[in-house]
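Inspection log for the structure reproduced underneath, given as structure tokens.
Both counts, for ligands and for their atoms, begin at 1 and track the order of listing. Keep in mind that this is a model prediction, so the values were computed, not measured.
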Amino acid sequence: MAAGVRLVVLGKQGAGKGTQCVRLSHRYAVPHISTGDMLRAAVRAQTPLGIEAASLMTTGELLPDELIIRMVSERLSERDARSRGFVLDGFPRTVVQAEMLEEILNESHKLHCVVNLEVPTDEVLQRLVSRRTCVDCGGIYSTASPPIQGWTCDTCGGEVIQRPDDTAEAIMTRLQAYERETLPLIDFYSSRGLLETIDGSKAPDDVLRSTVDAVERRKREME
Ligand code: ADP
Ligand code: ZN
């Protein structure tokens with residue numbers, strides 16, 4: 001059986017986190033834990049959490065740390081994540097969340113590394129305005145590479161749409177929140193010796209290969 005992994009993936013909106021996290025989760029047979037996907041599912045299901053989250057998400061603001069931490073720690077306590085590990089996508093996003101994650105994971109389940117996907121801002125802006133997303137599985141498409149059959153997801157048959165927060169205005173708010181709240185995590189993880197910076201402007205296959213190389217090196221070092 002393939003060995004698992006414990007990874008955090010950082011990167012601005014449109015850096016390719018979602019795409020790479022799906023591939024990494026298959027590669028290591030661990031759950032892909034995306035706070036954005038979990039929240040969008042809650043919004044669609046109209047749960048109390050979803051109702052609370054919807055308006056902040058549409059404007060591109062971050063949700064309160066306590067709410068996110070509760071949601072993620074519940075998910076991390078499930079059996080698959082405890083035994084095999086995880087790829088975390090969209091969490092942590094603030095230093096408070098990163099500190100909480102350290103507490104949850106404690107000594108025996110430390111992260112193997114934190115992957116930082118670097119892509120210039122003008123390129124992510126271009127990617128985001130043309131991005132289209134499957135409402136059911138989070139699959140990523142673009143106006144340049146749509147699904148095979150109309151706007152129906154190739155993987156799950158779900159409806160492929162433009163996310164309500166992929167508008168020019170919400171994108172600016174999200175990028176500002178990233179600089180303000182999430183950029184400090186680069187220093188946080190670099191000072192712990194965990195950061196691996198990967199050039200995310202290459203083709204998805206190349207980005208995956210560089211990331212897996214870095215993760216494998218880390219895993220060997222930790223053995
Ligand atoms: P993106 O990174 O492309 O902005 P995500 O799909 O990761 O989008 O998240 C969508 C929205 O969900 C965010 O704009 C924010 O409102 C909320 N969200 C997701 N993860 C977090 C988090 N860790 N802390 C606070 N809010 C979050
Ligand atoms: Zn789908």
Task: Side-chain touch Asp213/Arg217, heavy atoms, less than 4.5 angstrom - done: no
Open item on the list: Looking at Val160, is its backbone amide N or carbonyl O close enough to the side chain of Arg132 to form a donor-acceptor pair, meaning the two atoms are under 3.5 Å apart?
Closed with: no
Task: Cluster check Leu88, Met100: I/L/V/M/F/W/Y, side chain < 4.5 angstrom - done: yes
- [ ] Identify, by atom number and element, the atoms of ligand 1 in contact range of Lys17, meaning under 4.0 Å from any of its heavy atoms.
- [x] 2 (O)
TODO: May I ask you to test the Ser210-Lys202 pair for a side-chain heavy-atom distance under 4.5 Å?
DONE: no
- [ ] If you have a sec, work out which protein heavy atom is nearest atom 26 (N) of ligand 1 and how many Å separate them, to one decimal?
- [x] Leu63 N, 3.1 Å
Task: pair Leu49-Met38: side-chain heavy atoms closer than 4.5 Å - done: no
Task: Backbone or side-chain N or O of Gln13 under 3.5 Å from ligand 1 N or O - done: yes
Open item on the list: Within rounding of 10°, what is the angle whose vertex is the Zn ion (ligand 2) and whose arms end at SG of Cys153 and SG of Cys156?
Closed with: 110°
- [ ] If you have a sec, work out which protein heavy atom is nearest atom 20 (N) of ligand 1 and how many Å separate them, to one decimal?
- [x] Thr35 OG1, 2.8 Å
- [ ] Verify, without hydrogens or angle tests, whether Arg75 (side chain) and Met71 (backbone) share a donor-acceptor contact under 3.5 angstrom.
- [x] no
TODO: Would you indicate whether the side-chain heavy atoms of Tyr28 and Val87 approach each other to under 4.5 Å?
DONE: no
- [ ] With heavy atoms of Arg131 as the reference, note each atom of ligand 1 found under 4.0 Å away.
- [x] 3 (O)
- [ ] Considering the heavy atoms of Gly36, write down every atom of ligand 1 situated less than 4.0 Å from one of them.
- [x] 5 (P), 6 (O), 9 (O)
Open item on the list: Considering non-hydrogen atoms of the protein only, which is the closest contact for atom 11 (C) of ligand 1, and what is the distance?
Closed with: Met57 CE, 3.9 Å
Task: Side-chain donor or acceptor of Thr58 paired with backbone N/O of Pro164 under 3.5 Å - done: no
Task: Taking atom 27 (C) of ligand 1 as the reference point, the nearest protein heavy atom with its distance - done: Ile68 CD1, 3.8 Å
- [ ] To the nearest 10 degrees, calculate the angle at the Zn ion (ligand 2) involving SG of Cys134 and SG of Cys137.
- [x] 110°
Open item on the list: Tell me the protein heavy atom at minimum distance from atom 18 (N) of ligand 1, and give that distance in Å.
Closed with: Leu39 CD1, 3.6 Å
Task: Nearest protein heavy atom with distance in Å, relative to atom 10 (C) of ligand 1 - done: Arg40 NH1, 3.7 Å
Open item on the list: Is there a polar contact, in the sense of an N or O pair closer than 3.5 Å, between Asp165 and ligand 1?
Closed with: no
TODO: Determine, stepwise, if the pair Leu39 / Ile68 fulfils side chain to side chain contact (heavy atoms under 4.5 Å, CB included).
DONE: CA-CA 9 Å; Leu39 291 166; Ile68 297 286; 3.9 Å; yes
TODO: Nearest heavy atom to atom 2 (O) of ligand 1 wins, so pick from Lys12, Gln97, Arg174, Arg93.
DONE: Arg93
- [ ] Consider every N or O of Glu61 and every N or O of ligand 1, then say whether any pair is closer than 3.5 Å.
- [x] yes
- [ ] Could you point out which residue of Asp37, Leu24, Val9 forms a side chain to side chain contact (heavy atoms under 4.5 Å, CB included) with His32?
- [x] Asp37
- [ ] State whether the number of non-hydrogen atoms from other residues, nucleotides or ligands found under 6.0 Å of Glu99 atom CD is greater than 12.
- [x] yes
Open item on the list: What protein heavy atom lies closest to atom 8 (O) of ligand 1? Include the residue and the distance to one decimal.
Closed with: Arg163 NH2, 3.0 Å
- [ ] Go through ligand 1 atom by atom and flag the ones less than 4.0 Å from a non-hydrogen atom of Leu62.
- [x] 25 (C), 26 (N)
